[in-house]
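Down below is the structure, laid out as structure tokens.
Count residues from 1 along the sequence.
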Amino acid sequence: KEEPELQLCAAWRDPLPAAMSVTTYDSSFSYRQNQVARLGEGASNRGPMSAEDKKKFEASPFMQKMKEIDERSWQKFSERDKKRKDRDPNFKPIDADFETQKAHKYDKGINYYKVLGIDEYGTNEEVKKAYRKLSLTYHPDKTTGKTQEEKDEMAEIFMEVKNAYKTLSDEPTRRQYDFERDRDAVSADTHGKKVQEKVSFNAREAMKKILEKAKENQKAPSEVVRIPVQIRLEKLVYGGHKAIKRSRQVKDRFYGDFTESIRTFRMDIPAGAEQPWTAEFRRQGDQHEDKEPDTLRFMFSAKSHGFVDRSGPDLHVRQTVNLGEGFRRKPFIAADAPSIGGKHLLFWGRNPFLHSDGGDEGELRVKIAGEGASSKGALHVRFRLGLSGGSGPTSGTTSASSARSGAAPGSDGRAQAEFLKRFDLGPPSGFEEGGGSGGSSGGSAASSNPVMQRRLEQRNRCKPSFDLELAAVGVALGLFSKPTCSMQLFANLRQGTSPFFAICISSPPCGKQRAAGDWERLKTRLTPVLQKTGFYLFREPRGLLPRALTRAAAFPDRTFLASASAPPMPWKRLGDEAFARGDYWESARLYFERAGELGLNDEPEVAEARAPELLRGPDLVPEGAKVLSNLAACLAKLGDFASSLEQARRASALAPRWARPWARIGVAAWRVNARTEAIEAYKKAVEFDPSRTNVAALQSAVSQEQDHSAEAAHATKEEGKEAMKSGQLGLALAIYTVAIARLPPAADATAQMQKPDEHAL
């Protein structure tokens, strides 16, 4: 029994003398490996390959075929890079791509280009677009309602799509993948074989099947159901949310019957929406058996508004603002006008009808840019002058209307008929006796007479009319109110006509219908305050205010009680700072305060008696003269040249040898057409301060006002010589400037320079 066991153990201890050989292979096949494969372990005793053997090996058919494969592979890959570069200018191939680590461990046996449904030279954008398109169909989140088998199949497809995207979206990985596939294709072609590709997902074939299936199940196109909806105008102007409940027929998935369902359609209307504004819900209406569900198209338009009418992007205030007949004699216009909910307009400015030609009627049309139904539109407001129908100059209108109605009873009617007959202005058939309402249409025929129509048109053309266009100035000023609101200033500064301003009070939260009560309360409380103080808050309207208002306090009911120990207010320094920053209104007010402290606002006799007591600076110019001179400059900036001339004269009286008030007298006197006084004042300014500005002003004034002749210039020059002899150099310089200005212009400057001056010194 033990003998077989002993023999088995002996067999394990003495293995069979079988010869074994090990073959190794890598991509670079060598002569040494070939020898190991053929000769086994005996090949290890051989020495290194000689040069002759190496030469024979490289010249062998096998190595020649390998070199041919390598050359053709690189040639094909280079052509691929060239085609990609021609198609995608952003593609830049570099050799370092083959040394970069792969972003994904791809399978070169799978054609990832077919997986994504693109060609082999597609750009990176095409790769991303194809991946996104396939993800919308095969992503796991898009498989709701599918069976488990369909979900598993779509999950496998999505994994292939994802791997294809990882391989082709990374440039180094894509180039390595392309090169390996090109080398396999060349090698298979060299050996007469076909490239073996693994079965994978084909996006193009899949999309064809989907389209064919959809074509088989295609229903008739859906119908578009237009639903007109009227909403408040404020909703289209301010924008907002709109929800509409609507019933629709829905098909039951289990029983196939149609049931009625209520659905809420929600829409966000943008601010400044055009009319009609449409919102479309594709295939979300009633469902049908033989066609696609209906498409709902809501078409929003504005309801009729109580104050304004909409015309495209513009809004027109329906009611004309009546200014009355007495407004022609008022220098300023102050009025207000309504707009849409949450907006109100205040107007103030110079009256364009003041001292205008024409009758007692006129029309002012104001266009406010940016206050229409959208930011590109405008709000139009009309003002009318003299609309009363009482007696007086407008009584003729009442008579004409009664004549058109066919009633001319009594002696007045007969007198009118006789007047029309005398001047051949009546109807061709004449007037019926009695002139009652049962007559033929004699009165209406008289009013339709061509002569009467021409006179009526001529009368309408004689009515003065003005068009003003206001634009926003600066940014809106927020007010601390509840509900919140802001006010925006509008002005016609670019138009260059009569200055006119408007303030728009805006509160978008009050545009809602449920906030109408809050808006009325806010408008009732805020409008009276802003009518009195709103235009004082902005610099542009303040510059237009008359001079009489500059001395009035903004809040006269409040007084300032100064204690005896309080330091004096630096009114002049504050005025200089306000003048430097361009706030001439505030600067003038501060100079008035300082003038009051110096007693310059008293009666002229009292102010003249206190003149020696005025403070004098290092330049020995009284402070009162400086204050009055600066005040004259402020008033000139504000356009009140008459008051500026008065203050400059007072300043020159306090400091007769100071040039600055004389220069300001020249500016103001020239603007009020006192040309002679202006020239004399400029001469004084040049005499005491021969600066470039004063000399240029004097020369310009003389050249515009006085005649040009060589004799007059020579006579004036002689006066300058006399002044120079007497030692009055400043006066001589001023006279010489006048003489130069009175010289006639030379026809040829070169000839004039070469010709000797017979009047030279």
Side-chain angles (χ1 to χ4, degrees), residues 473-475 477 489 491 493 499 501 533-556 558-563 565-602 607 611 613-652 654-655 658-668 671 685 689 691-694 697:
V473 179
V475 297
L477 181 62
L489 177 68
L493 302 178
F501 304 93
T533 62
F535 293 97
Y536 287 83
L537 302 177
F538 300 96
R539 183 177 63 184
E540 288 78 6
R542 285 205 306 264
L544 186 62
L545 292 175
R547 179 199 164 197
L549 297 180
T550 59
R551 299 193 183 191
F555 302 97
R558 302 182 184 179
T559 56
F560 177 73
L561 302 178
S563 59
S565 60
M569 286 293 293
W571 299 114
K572 183 180 179 300
R573 181 173 61 82
L574 296 176
D576 295 342
E577 294 175 356
F579 188 89
R581 64 175 180 265
D583 194 352
Y584 307 117
W585 166 270
E586 182 67 15
S587 178
R589 186 186 69 83
L590 296 171
Y591 287 141
F592 268 119
E593 293 289 344
R594 182 54 181 163
E597 289 185 351
L598 296 176
L600 299 176
N601 294 339
D602 299 334
E613 304 175 5
L614 298 179
L615 299 177
R616 298 177 182 269
D619 52 0
L620 300 180
V621 177
E623 184 182 2
K626 296 179 181 180
V627 172
L628 294 177
S629 177
N630 294 351
L631 181 58
C634 292
L635 296 173
K637 290 288 185 180
L638 295 174
D640 191 356
F641 296 102
S643 301
S644 175
L645 179 60
E646 178 186 353
Q647 301 299 334
R649 287 171 179 170
R650 296 179 62 191
S652 65
L654 295 178
W658 188 32
R660 193 168 300 174
W662 291 110
R664 285 166 182 167
I665 289 175
V667 173
R671 296 300 293 268
D689 182 15
S691 63
R692 180 180 300 179
T693 304
N694 293 340

If I compare all heavy atoms of [X] with all of [Y], which pair ends up nearest, and what's the gap?
{"X": "Ser587", "Y": "Cys634", "answer": "OG-SG, 3.2 Å"}
{"X": "Ala659", "Y": "Ala685", "answer": "CB-O, 3.6 Å"}
{"X": "Leu654", "Y": "Gly624", "answer": "CD1-C, 3.9 Å"}
{"X": "Ala625", "Y": "Ala651", "answer": "O-CB, 3.5 Å"}
{"X": "Phe641", "Y": "Ala668", "answer": "O-CB, 3.6 Å"}

Evaluation steps, side-chain contact (heavy atoms from CB on, under 4.5 Å), between Phe579 and Leu631: CA-CA 10 Å; Phe579 188 89; Leu631 181 58; over 6 Å; no
- prompt: So Arg589 and Glu586, salt bridge (Lys or Arg N to Asp or Glu O under 4.0 Å) or not? Walk me through it.
  reply: CA-CA 5 Å; Arg589 186 186 69 83; Glu586 182 67 15; 2.6 Å; yes
Is [Y] paired with [X] through a side-chain N to carboxylate O contact shorter than 4.0 Å?
{"X": "Lys626", "Y": "Glu623", "answer": "no"}
{"X": "Glu577", "Y": "Arg581", "answer": "no"}
{"X": "Arg594", "Y": "Glu597", "answer": "yes"}

[atom1]/[X] to [atom2]/[Y] distance, rounded to the nearest 0.5 angstrom?
{"X": "Arg649", "Y": "Ser644", "atom1": "CZ", "atom2": "OG", "answer": "10.5 Å"}
{"X": "Trp585", "Y": "Leu590", "atom1": "CH2", "atom2": "CG", "answer": "12.0 Å"}
{"X": "Trp658", "Y": "Asp689", "atom1": "CH2", "atom2": "CG", "answer": "11.0 Å"}
{"X": "Leu635", "Y": "Tyr591", "atom1": "CG", "atom2": "OH", "answer": "11.5 Å"}

query: Between Lys572 and Asn630, is any pair of side-chain heavy atoms under 4.5 Å apart?
result: yes
- prompt: Does the side chain of Arg664 reach to within under 4.5 Å of the side chain of Gln647, using non-hydrogen atoms?
  reply: no
- request: Using salt bridge (Lys or Arg N to Asp or Glu O under 4.0 Å) as the criterion, list what pairs up with Asp583, not counting sequence neighbours.
  value: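 With sequence neighbours excluded, Asp583 shows a salt bridge (Lys or Arg N to Asp or Glu O under 4.0 Å) to Arg542, given in chain and number order.
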